[in-house]
Amino acid sequence: LEQLRARKALASEVENELSYYRRVLHGRIDLIRFEQRRRRGEETRRLIDALPEILSEQLGRGGSEMPRTFVTDLPPLPDTGRRDIDHILSDEVLLRLDEMSDERLQVSLDALLAMEREVSESRRRVQQVEDRLGEALAERYRSVGA
Amino acid sequence: GPERTDEIGALWARFKATGDETAREKLIIHYSPLVKFVAGRVGAGLPRSVDPGDLVSYGIFGLIDAIDKFEPERGFKFETYAINRIKGAILDELRALDWVPRSVRAKAREIERSMAELEHRLQRTPTDEELARHMGMPVEELQDVLGKLSMVGLVGLDDLLDPESSTTRGDMIADRTEPSPEENYQKEETRRVLAEALNKLPDRERLVLTLYYFEGLTLAEIGEVLGVTESRVCQLHAKSVLSLRNRLSE
Ligand SMILES: Nc1nc2c(ncn2[C@@H]2O[C@@H]3COP(=O)(O)O[C@H]4[C@@H](O)[C@H](n5cnc6c(=O)[nH]c(N)nc65)O[C@@H]4COP(=O)(O)O[C@H]3[C@H]2O)c(=O)[nH]1
Ligand SMILES: Nc1nc2c(ncn2[C@@H]2O[C@@H]3COP(=O)(O)O[C@H]4[C@@H](O)[C@H](n5cnc6c(=O)[nH]c(N)nc65)O[C@@H]4COP(=O)(O)O[C@H]3[C@H]2O)c(=O)[nH]1
């Protein structure tokens, strides 16, 4: 039981980190895409005025009715600065959005998209591990006759 | 922190020195993805009727407030400071809008009082039927209110288990890499007192709280252990927390 608990706690910590990075990547990607639409004349609003709409894409719970957990406190943020994702995120593209050339903007976007696919993929794998460990823990409790 | 590169650092310096509106706007845009993360997390436990776009709007106010009040020279990490302000702004706005009807909150106090009276008289946790009868309300209504109290975070143990993380203390949050020895002792002490009070609860109540707060299981997983629906888990959770709080305050 102790081992199961420790492994689940570790999976949950990694999942929290990946989910944080993934959402930061989503925000940047969607902000850049808005800027690209603005340059093509498909958007007339200023970025700062469209922020609520840009950042609320794919935010709903989708199908399920019940949440996984209650409104809980935010996990601690990962210690940043060490990994290649931090290297990608240190590209201050959002500070110079209006000054960058179209090509340079596309280069930044491509790097973010590649990283997002990798982070979402590993997040899904870690979630599967965490869910299997959660099931195993639930099973332990069930079999001792809850 | 390491990602405070010279470009960001220069922007903070310019904004704090002159209040330059362009610098402020660039900072808001640069940190705005944090709002997406927080709004997603807070929104995850809310009823589906709450629009995620509204949460993001409230969150952006929180971010702007954090940027205006942050003091870069203190050396703390902005992201940690910001996510607590963003969360606080979202929850403050939701509470101001009364998304949890006043009637539910008033009922929460009534339920807590009735639980204490009945536990004292019966020397055990009352059943839902006994509690509902004592309060002069149908059982279904009592269960509905209990479920809502859990879902929206009005009843829980987060404040006891991790006092540091409640929004009210968001202002003072530094980049908490290492908690102080006093904080560690205090946290251990609270957990010990909680674990003791938990052991005095009846089996099912104790199990719901142990599985949620100490094992980190989801509502669905807890439902499987107890053989009940997720909404029933929400109801049991609220009832167990109220019962535990009554025992802690005796
Ligand atoms: N309830 C819930 N459902 C979840 C969660 N994580 C993933 N999903 C579901 O799983 C699908 C695939 O997720 P993915 O592999 O991360 O693949 C995702 C991800 O790579 C990306 N993505 C998701 N959200 C955003 C966003 O806000 N911006 C951008 N640019 N990309 C996003 O788009 C892909 C497709 O997204 P969807 O169509 O939304 O489809 C999502 C969604 O239905 C979660 O935490 N809770
Ligand atoms: N072990 C495990 N953990 C899981 C699973 N699905 C989600 N989680 C974790 O639980 C948190 C809450 O998920 P949610 O209730 O679906 O609430 C989600 C969901 O409503 C929404 N969301 C996240 N990603 C997507 C997406 O790709 N598409 C859509 N449509 N919504 C998403 O944002 C909320 C917060 O997302 P996050 O910050 O990523 O935080 C997520 C993630 O850390 C799972 O299958 N297994």
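Below, read A as the first sequence line, B as the second, and so on, with proteins coming before strands; counting in each chain starts at 1.
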* Asked: Is any side-chain heavy atom of V56(B) closer than 4.5 Å to a side-chain heavy atom of L51(A)?
  -> no
* May I ask you to test the M66(A)-M151(B) pair for a side-chain heavy-atom distance under 4.5 Å? => yes
* Asked: With a cut-off of 6.0 Å (strictly less than), are more than 12 heavy atoms of other residues, nucleotides or ligands near CD of E13(A)?
  -> no
* To do: Look at E215(B) together with R140(A) and state whether they make a salt bridge at an N to O cut-off of under 4.0 Å.
  => no
* Does the side chain of K36(B) reach to within under 4.5 Å of the side chain of D30(A), using non-hydrogen atoms? -> yes
* **Top contributor to chain A interface from S57(B), S150(B), G40(B) [non-hydrogen pairs under 4.5 Å]** => S150(B)
* Asked: Between F37(B) and Y20(A), what is the ring plane arrangement, given parallel below 30°, perpendicular above 60°, and tilted in between?
  -> perpendicular
* To do: Below 4.5 Å from any heavy atom of chain A, which atoms of I222(B) appear? Answer side chain, backbone, both or neither.
  => neither
* Asked: After noting the C-alpha distance and the side-chain angles of L137(A) and E221(B), does the key distance pass the side chain to side chain contact (heavy atoms under 4.5 Å, CB included) rule?
  -> CA-CA 9 Å; L137(A) 261 174; E221(B) 286 158 353; over 6 Å; no
* Do E7(B) and L95(A) have side chains that get closer than 4.5 Å, going by heavy atoms? -> yes
* Looking at CG of L77(A) and CD of E79(B), how far apart are the two atoms once the value is rounded to the nearest 0.5 Å? -> 7.0 Å
* Salt-bridge contact E99(A)-K26(B) (side-chain N to carboxylate O under 4.0 Å) -> yes
* **Partner chain A: residue of L219(B), L55(B), V50(B), T218(B) with the largest heavy-atom pair count (under 4.5 Å)** => L219(B)
* Decide if atom CZ of R204(B) counts as having more than 12 heavy atoms of other residues, nucleotides or ligands within a radius under 6.0 Å. => no
* Find out whether R41(B) and N16(A) are in side-chain contact, i.e. whether some heavy atom of one side chain is under 4.5 Å from a heavy atom of the other. => yes
* To do: Could you look at L211(B) and say if it's the side chain, the backbone, both or neither that has a heavy atom under 4.5 Å from chain A?
  => side chain
* Please determine, among E53(A), H26(A), E57(A), E139(A), the option with the most heavy-atom pairs under 4.5 Å with chain B. => E57(A)
* **Minimal non-hydrogen separation, I29(B) against L94(A), with atom names** => O-CD1, 3.7 Å
* To do: For K8(A) and L217(B), work out which heavy atoms get closest and say how close.
  => CE-CD2, 3.9 Å
* Under a 4.5 Å heavy-atom cut-off, does chain B meet the side chain of T69(A), its backbone, both or neither? -> both
* From L207(B) CG over to R142(A) CZ, what is the distance, rounded to the nearest 0.5 angstrom? -> 11.5 Å
* P33(B) side chain reached by L31(A) side chain, heavy atoms, under 4.5 Å -> yes
* Asked: Taking everything shown except R24(B) itself, do over 12 heavy atoms lie less than 6.0 Å from its CZ?
  -> yes
* Closest approach of F70(A) and Y212(B), non-hydrogen atoms and distance? -> N-OH, 3.0 Å
* Residue part contacting chain A, namely of L34(B), when any heavy atom lies under 4.5 Å -> side chain
* Proximity breakdown for I60(B) and chain A, heavy-atom pairs closer than 4.5 Å -> side chain
* Asked: So which of E130(A), R22(A), Q58(A), R96(A) has the biggest tally of heavy-atom pairs under 4.5 Å with chain B?
  -> R96(A)
